Amino acid sequence: MKKLLLGIIVLGISGATMAQEAADKKVQAGLVFGTGMNFQKMGTKLMTTDGIGSDWTVGTNLSFTFNETVGFCTGVEFDFSTMNYAAAAGNEIYYVYNDSEILQQADVASSTGSEIFRLSTRKQKATYLTVPTMLLFRTNFIGYFRYFGKFGLRNSFLLSSKITDQGSNLTPDDEILGVEEAGTNSNMSAKGDMFFFKSAVGLAGGTEWNFTGSTSLAVEIGYYYGFTPLHLDRKTEKTTLYTAAVENGTSTDNNFSNQATQTQLMLKVSLLF
């Protein structure tokens with residue numbers, strides 16, 4: 001019994017010493033890995049969401065301590081985000097493309113060898129550089145663990161965007177005649193389709209485990225509400241999508257831009273030094 005009590009006391013002192021070493025650090029830096037789910041809220045009735053999207057995150061974080069319980073968290077993260085869309089029921093959506101480029105309306109007339117695609121579903125992949133700016137609230141260490149909450153913004157800058165569409169290929173004459181051939185357009189680009197900046201306000205909470213020296217492992221889950229548009233609402237000549245109605249053999253186009261905002265539920269794991 002004496003040996004057991006002595007072991008518990010030694011372990012407790014050791015844990016307190018390690019936790020104190022981590023608690024005394026004014027700056028913590030580390031690697032962050034995350035995954036999450038994307039939920040798009042549509043701003044147009046012509047398109048709808050097609051299931052839940054995904055997000056993968058990798059980067060570095062920095063935490064600055066103001067005092068034992070309050071700090072500030074920032075860093076540089078790369079988000080690999082996927083969004084899923086579909087043509088809304090009752091709508092036939094088209095675009096004109098040349099090779100791997102989806103053309104803006106102003107470029108359609110001057111393009112040679114272009115084709116028309118009727119869109120059924122769309123998977124849009126975007127890569128963002130994200131800079132979180134969040135207030136950090138932490139408890140004191142309880143043994144090896146302390147608990148924290150974060151509140152603030154995730155500001156993201158678009159680096160690239162690629163599109164994979166499912167639907168049907170047509171030629172300009174086929175649009176009127178109704179001749180279609182099912183197909184997939186992969187690795188497509190659409191200039192000016194996505195807005196270059198994305199911002200979301202979020203709330204996260206988690207726990208930090210000081211498992212050795214001043215090194216800790218942190219796990220958190222957060223909810224982020226996006227309030228900026230994912231896509232640009234362009235003038236007619238800059239749009240890429242349109243609906244077509246045929247009357248008396250003549251096609252009448254209604255040009256439009258996709259519209260959506262995004263919320264995210266994210267799980268992150270950080271290794272802090």
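Keep in mind the model is a prediction, meaning the values are calculated, not measured.
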A.B. asks: Contact between Y242 and N254 at the side-chain level, heavy atoms closer than 4.5 Å - yes or no?
C.D. replies: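 The answer is no; the side chains never approach within 4.5 Å.
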A.B. asks: Nearest heavy-atom pair of L136 and F72: which atoms, and what distance?
C.D. replies: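 The answer is CB-N, 4.1 Å.
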A.B. asks: Check the surroundings of atom NZ in K162: do more than 12 heavy atoms from other residues, nucleotides or ligands lie under 6.0 Å from it?
C.D. replies: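 Buried by this count: over 12 neighbours within 6.0 Å.
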A.B. asks: Under the 6.0 Å and 45° cation-pi test, does K198 pair with Y128?
C.D. replies: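 Yes, a cation-pi geometry.
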A.B. asks: Taking the side chain as everything from C-beta on, heavy atoms only, tell me whether M194 gets closer than 4.5 Å to S161.
C.D. replies: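 With C-beta onward as the side chain, the pair touches.
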A.B. asks: Is any side-chain heavy atom of F197 less than 4.5 Å from a side-chain heavy atom of L158?
C.D. replies: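 No. Closest side-chain heavy atoms not under 4.5 Å.
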A.B. asks: Does a salt bridge link E101 with K191, judged by any charged N lying under 4.0 Å from a carboxylate O?
C.D. replies: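 No salt bridge links E101 with K191.
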A.B. asks: Would you say the side chains of D193 and Q124 form a donor-acceptor pair under 3.5 Å?
C.D. replies: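 On atom types as modelled, these side chains qualify, holding a pair under 3.5 Å.
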A.B. asks: Do I142 and F211 belong to the same hydrophobic cluster, where Ile, Leu, Val, Met, Phe, Trp and Tyr are linked whenever their side-chain heavy atoms lie under 4.5 Å apart, directly or via other members?
C.D. replies: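 Yes, it is one cluster - the side chains of I142 and F211 are joined through contacts under 4.5 Å.
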A.B. asks: Apply the test side-chain contact (heavy atoms from CB on, under 4.5 Å) to residues K41 and F39: give CA-CA distance (whole Å), side-chain angles for both, the deciding distance (0.1 Å), then the verdict.
C.D. replies: CA-CA 7 Å; K41 181 179 179 181; F39 306 89; over 6 Å; no
A.B. asks: Give a yes or no on whether L217 and F33 share a hydrophobic cluster (residues Ile, Leu, Val, Met, Phe, Trp, Tyr; joining criterion: side-chain heavy atoms under 4.5 Å apart).
C.D. replies: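 No, separate clusters.
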A.B. asks: Ignoring hydrogens and geometry beyond distance, is a side-chain donor-acceptor pair present between T239 and Q105 at under 3.5 Å?
C.D. replies: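 On atom types as modelled, these side chains do not qualify, holding no pair under 3.5 Å.
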A.B. asks: Locate the shortest heavy-atom distance separating G75 from P132; write the atom from each residue and the value.
C.D. replies: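 Heavy atoms of G75 and P132 come nearest at O-CD, 3.6 Å.
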A.B. asks: Ignoring hydrogens and geometry beyond distance, is a side-chain donor-acceptor pair present between E208 and S216 at under 3.5 Å?
C.D. replies: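 A donor-acceptor contact under 3.5 Å links the two side chains.
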A.B. asks: For a quick test of reading the model, state the closest non-hydrogen atom pair linking T261 to P229 and the distance between them.
C.D. replies: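 Heavy atoms only, the tightest pair is CG2-CA, 4.3 Å.
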A.B. asks: Working to the nearest 0.5 angstrom, can you tell me the gap between K26 NZ and N67 CG?
C.D. replies: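 That separation rounds to 8.0 Å.
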A.B. asks: If we count only N and O atoms by modelled type, under 3.5 Å, do the side chains of D253 and Y94 hold a donor and an acceptor together?
C.D. replies: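 No - no donor-acceptor pair under 3.5 Å links their side chains.
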A.B. asks: Under 3.5 Å, is there a donor-acceptor pair between the N98 and S114 side chains?
C.D. replies: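 On atom types as modelled, these side chains do not qualify, holding no pair under 3.5 Å.
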A.B. asks: Is it possible for you to say whether V219 and L271 belong to one hydrophobic cluster, with membership spreading through side-chain heavy-atom contacts below 4.5 Å?
C.D. replies: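 V219 and L271: one cluster.
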A.B. asks: Checking N210 side chain against T215 main chain: does a donor-acceptor pair fall under 3.5 Å?
C.D. replies: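 A pair under 3.5 Å: yes.
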A.B. asks: Rounded at 0.5 Å granularity, tell me how far CG in L103 sits from CD1 in I116.
C.D. replies: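 It is 10.5 Å, given to the nearest 0.5 Å.
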A.B. asks: Measure the spacing between CE of M134 and CG of L203 and express it to the nearest 0.5 Å.
C.D. replies: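 Reported to 0.5 Å precision, the distance equals 7.0 Å.
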A.B. asks: Between T133 and R154, do the side chains contain an N or O donor and an N or O acceptor separated by less than 3.5 Å?
C.D. replies: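 There is no such pair between these side chains.
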A.B. asks: Are K268 and E77 within salt-bridge range, i.e. N to O under 4.0 Å?
C.D. replies: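 Result for this pair is yes, salt bridge flagged.
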A.B. asks: Measure from the side-chain N and O atoms of R138 to the backbone N and O of G149, and report whether any donor-acceptor pair falls under 3.5 Å.
C.D. replies: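 Flag not set: sc R138 to bb G149 has no pair under 3.5 Å.
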A.B. asks: Please step through side-chain contact (heavy atoms from CB on, under 4.5 Å) for the pair D50 and T48, ending with a clear verdict.
C.D. replies: CA-CA 7 Å; D50 187 31; T48 185; over 6 Å; no
A.B. asks: Using the side-chain contact (heavy atoms from CB on, under 4.5 Å) rule, take Q28 and F273 through it: C-alpha gap first, then chi angles, then the decisive distance, then the call.
C.D. replies: CA-CA 6 Å; Q28 282 183 299; F273 304 97; over 6 Å; no
A.B. asks: Start with the C-alpha distance between M42 and Y85, add both sets of side-chain angles, then the distance that settles side-chain contact (heavy atoms from CB on, under 4.5 Å), and finish with yes or no.
C.D. replies: CA-CA 9 Å; M42 303 305 297; Y85 300 108; 3.7 Å; yes
A.B. asks: Between CZ of F148 and SG of C73, what distance do you get to the nearest 0.5 Å?
C.D. replies: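 One gets 8.5 Å once the value is rounded to the nearest 0.5 Å.
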A.B. asks: For a 4.5 angstrom cut-off between non-hydrogen side-chain atoms, does L153 reach F227?
C.D. replies: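 Contact flag for L153/F227 side chains = yes.
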A.B. asks: Does any non-hydrogen side-chain atom of Y225 lie less than 4.5 Å from one of Q264?
C.D. replies: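 Result no, sub-4.5 Å side-chain heavy-atom pair not found.
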A.B. asks: With S54 as reference, evaluate T35, T82, N38 under the side chain to side chain contact (heavy atoms under 4.5 Å, CB included) test and give the passing residue.
C.D. replies: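 Of T35, T82, N38, side chain to side chain contact (heavy atoms under 4.5 Å, CB included) with S54 is met by T82 alone.
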A.B. asks: Do Q40 and Q262 have side-chain N/O donor and acceptor atoms under 3.5 Å apart?
C.D. replies: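 Result is yes, a qualifying pair exists.
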A.B. asks: First locate atom OH of Y97, then atom CG of D165, and finally report the distance between them rounded to the nearest 0.5 Å.
C.D. replies: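 CG of D165 is found 10.0 Å from OH of Y97.
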A.B. asks: Run the side-chain hydrogen bond (donor to acceptor under 3.5 Å, both in side chains) test on N185 and Y95 for me, step by step, so that the C-alpha distance in whole Å, both residues' side-chain angles and the decisive distance to 0.1 Å come before the verdict.
C.D. replies: CA-CA 11 Å; N185 276 359; Y95 63 76; 3.1 Å; yes
A.B. asks: If hydrophobic clusters are built by linking Ile, Leu, Val, Met, Phe, Trp and Tyr wherever their side-chain heavy atoms come under 4.5 Å apart, do M47 and V96 end up in the same one?
C.D. replies: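 No.
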A.B. asks: Would you say the side-chain atoms of D79 and T57 include a donor-acceptor pair closer than 3.5 Å?
C.D. replies: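 A donor-acceptor contact under 3.5 Å links the two side chains.
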A.B. asks: Checking T44 side chain against L46 main chain: does a donor-acceptor pair fall under 3.5 Å?
C.D. replies: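 Looks like yes, one N/O pair under 3.5 Å.
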A.B. asks: Write down the atom of M188, the atom of D99, and the distance for their closest heavy-atom approach.
C.D. replies: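 Minimum heavy-atom contact is CE-O, 3.7 Å.
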A.B. asks: Quick one: closest heavy-atom pair of I163 and R122, and the distance?
C.D. replies: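 I163 and R122 have their closest heavy atoms at CG2-NE, 3.4 Å.
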A.B. asks: Does any non-hydrogen side-chain atom of K25 lie less than 4.5 Å from one of T65?
C.D. replies: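 Answer no - side chains too far apart.
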A.B. asks: Looking at every non-hydrogen atom in both residues, tell me the closest pair between T60 and V32 and how far apart they are.
C.D. replies: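 Distance-wise, the nearest heavy atoms are N-CG1, 3.9 Å.
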A.B. asks: Do we see a donor-acceptor contact under 3.5 Å between the side chains of N140 and Y147?
C.D. replies: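 Short answer, no.
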A.B. asks: Give a yes or no on whether the ring-centroid distance for F196 and F157 is below 6.0 angstrom.
C.D. replies: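 No, too far apart.
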A.B. asks: Less than 4.5 Å apart, side chain to side chain, heavy atoms only: is that true for D233 and Q259?
C.D. replies: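 A side-chain contact exists here, since the closest heavy-atom pair is under 4.5 Å.
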A.B. asks: Establish, from distance only, whether the side-chain atoms of N61 and S63 form a donor-acceptor pair under 3.5 Å.
C.D. replies: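 Checked: N61/S63 side chains show no N/O donor-acceptor pair below 3.5 Å.
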A.B. asks: Quick check: does any side chain N or O of D107 sit under 3.5 Å from a backbone N or O of S110, one acting as donor and the other as acceptor?
C.D. replies: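 Side chain of D107 to backbone of S110, a donor-acceptor pair under 3.5 Å: no, none is there.
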A.B. asks: Which one of T228, T130, T127 satisfies the side-chain hydrogen bond (donor to acceptor under 3.5 Å, both in side chains) criterion with S156?
C.D. replies: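 In the set T228, T130, T127, the residue that makes a side-chain hydrogen bond (donor to acceptor under 3.5 Å, both in side chains) with S156 is T130.
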A.B. asks: Please round to the nearest 0.5 Å and tell me the distance separating atom CD of E68 and atom OG1 of T139.
C.D. replies: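 Output value for this atom pair is 10.5 Å.
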A.B. asks: Treating Ile, Leu, Val, Met, Phe, Trp and Tyr as nodes and any side-chain heavy-atom pair under 4.5 angstrom as an edge, say whether F80 and L159 lie in one connected cluster.
C.D. replies: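 Per the 4.5 Å side-chain linkage, F80 and L159 are co-clustered.
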A.B. asks: Under 4.5 Å between any side-chain heavy atoms of L230 and F195, yes or no?
C.D. replies: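 Counting from C-beta outward, L230 and F195 never come under 4.5 Å.
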A.B. asks: Under 3.5 Å, is there a donor-acceptor pair between the S100 and N187 side chains?
C.D. replies: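 No pair is found: no donor N or O on one side chain lies under 3.5 Å from an acceptor on the other.
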